[in-house]
Amino acid sequence: MMSENPIYIKLDGRGNRLYYPGETLAGSYYLDEIRNDLIDAVEVSILWFTEGKGNEDFGIHAFWRRSNQAGDWIDPRHPGRFSTMLPNSPLTYDGIFVKINWCVRVRVFLTDGRQIIEELTFRLGDIPNVRTIKADHPLPTA
């Protein structure tokens, strides 16, 4: 019996998950309770996505795919690694109408056609939360 989500993602050395442009984002992913013969492929993406009003958008900064069909050895007993230098933009933004989020996404494709996905968010840049700015600096009243 597989646990609810058997994918675990861990970033190296950052408890606060705050990174700056040009820094290296590195970490590991672990596949728990998934037998090797059930795994067809594993994809790891470092990506950003928007949410809020209007059209939602996304961009993939880095992408790796390991596939048994391509001859890659996928051993769920050993962690997979990822590492990339982060770009200058877009920075994480927590606005009122639009938010820009960054995450590490691990997607496991099983031989029976199912997919298991896990995401771990992190911040790129240190733009203050718009709600915090509004609370600290309320608009003047007439």
Side-chain angles (χ1 to χ4, degrees), residues 1-36 38-70 72-142:
M1 179 76 174
M2 212 179 297
S3 61
E4 186 173 317
N5 198 340
I7 304 171
Y8 301 95
I9 304 169
K10 181 179 181 225
L11 299 178
D12 292 349
R14 291 281 169 101
N16 64 2
R17 297 189 309 215
L18 173 63
Y19 293 83
Y20 292 95
E23 285 190 321
T24 297
L25 173 82
S28 305
Y29 61 90
Y30 304 85
L31 308 177
D32 188 33
E33 300 179 17
I34 305 176
R35 292 191 342 245
N36 185 344
L38 298 179
I39 300 171
D40 187 40
V42 177
E43 292 180 348
V44 179
S45 306
I46 312 298
L47 59 96
W48 60 268
F49 60 94
T50 63
E51 57 183 338
K53 293 191 176 191
N55 293 336
E56 293 184 359
D57 199 4
F58 77 97
I60 297 174
H61 169 68
F63 177 82
W64 302 270
R65 179 179 172 89
R66 297 177 63 209
S67 167
N68 282 329
Q69 292 176 353
D72 299 324
W73 177 250
I74 301 171
D75 186 348
R77 296 171 298 170
H78 298 286
R81 297 280 307 155
F82 56 87
S83 178
T84 187
M85 183 182 293
L86 293 169
N88 291 328
S89 66
L91 299 177
T92 300
Y93 178 71
D94 190 19
I96 295 172
F97 299 109
V98 175
K99 295 179 183 183
I100 300 173
N101 303 293
W102 278 87
C103 74
V104 177
R105 176 183 294 163
V106 176
R107 183 182 308 197
V108 177
F109 295 86
L110 301 176
T111 55
D112 65 5
R114 292 182 299 145
Q115 296 179 24
I116 305 169
I117 300 171
E118 181 64 23
E119 295 179 345
L120 179 65
T121 59
F122 65 92
R123 295 186 62 81
L124 178 59
D126 198 14
I127 296 176
N129 182 320
V130 171
R131 290 172 185 85
T132 303
I133 294 171
K134 282 180 68 175
D136 290 345
H137 305 288
L139 295 174
T141 56

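This is a predicted model, so every value here is computed, not measured.
- T50 and V98 get closest at one heavy-atom pair: CB-CG1, 4.4 Å.
- For D112 against R114, the heavy-atom pair with the smallest separation is OD2-NE, 2.8 Å.
- Nearest approach of Y93 to I127, heavy atoms of both residues: CD1-CG2, 4.0 Å.
- Residue I74 comes nearest to A41 through the heavy atom pair CD1-CA, 4.1 Å, listed as atom of the first residue, atom of the second, then distance.
- A distance of 10.5 Å separates CZ of R123 from CD1 of I100, quoted to the nearest 0.5 Å.
- Annotation: salt bridge (charged side-chain N to carboxylate O under 4.0 Å, His left out) contacts of R107 (sequence neighbours excluded): none.
- Between S28 and the choices R81, K10, H78, the side chain to side chain donor-acceptor pair (under 3.5 Å) rule is met once, by R81.
- Annotation: F63, atom CZ; neighbour count of heavy atoms from other residues, nucleotides and ligands within 6.0 Å is above 12.
- Inter-residue side-chain proximity for Y29 and V108 is flagged as unmet; no heavy-atom pair is nearer than 4.5 Å.
- No donor-acceptor distance shorter than 3.5 angstrom exists from the side chain of D57 to the backbone of F49, with no hydrogens or angles considered.
- Between F109 atom CZ and R65 atom CZ the span is 5.5 Å, to the nearest 0.5 Å.
- Atom NZ of K99 is separated from atom CD1 of I96 by 10.5 Å, given to the nearest 0.5 angstrom.
- No donor-acceptor pair under 3.5 Å is formed between the side chain of N101 and the backbone N or O of W48.
- In this structure the side chain of V42 reaches within 4.5 angstrom of the side chain of V106, judged on heavy atoms.
- Within the model, atoms CD of E118 and OH of Y30 stand 14.0 Å from one another, a figure rounded to the nearest 0.5 Å.
- Distance check, rounded to the nearest 0.5 Å: CD of E33 to CG of N5 gives 11.0 Å.
- Put simply, the side chain of D72 gets close to the backbone of S67: a donor and an acceptor are under 3.5 Å apart.
- The shortest heavy-atom contact between I7 and I116 is CD1-O, 3.4 Å.
- The closest side-chain donor-acceptor pair between R105 and S45, if any, does not fall under 3.5 angstrom.
- Closest approach of I34 and L110 over heavy atoms only: CG2-CD2, 4.1 Å.
- Put simply, the side chain of L47 does not reach to within 4.5 Å of the side chain of W102, judged on heavy atoms.
- The main-chain N or O of N68 is never found under 3.5 Å from a side-chain atom of D40 such that the two would form a donor-acceptor pair.
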Taking distance alone, no hydrogens or angles, what donor-acceptor pairs closer than 3.5 Å link side-chain atoms of residues 16-27 to residues at least two apart or in another chain?
{"unit_1": "N16", "atom_1": "OD1", "unit_2": "L18", "atom_2": "N", "d": "3.1"}
{"unit_1": "R17", "atom_1": "NE", "unit_2": "T121", "atom_2": "O", "d": "3.0"}
{"unit_1": "E23", "atom_1": "OE1", "unit_2": "R14", "atom_2": "NH1", "d": "3.2"}
{"unit_1": "E23", "atom_1": "OE1", "unit_2": "Y20", "atom_2": "N", "d": "2.8"}
{"unit_1": "E23", "atom_1": "OE2", "unit_2": "R14", "atom_2": "NH2", "d": "3.1"}

Counting only pairs under 3.5 Å, give me each side-chain donor-acceptor contact of residues 82-92, with atom names and distances, residues two or more places apart or in other chains.
{"unit_1": "T84", "atom_1": "OG1", "unit_2": "H61", "atom_2": "NE2", "d": "3.2"}
{"unit_1": "T92", "atom_1": "OG1", "unit_2": "L124", "atom_2": "N", "d": "2.8"}

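- For the atom pair CD (E56) and CD (E51), the distance works out to 7.0 Å, reported to the nearest 0.5 Å.
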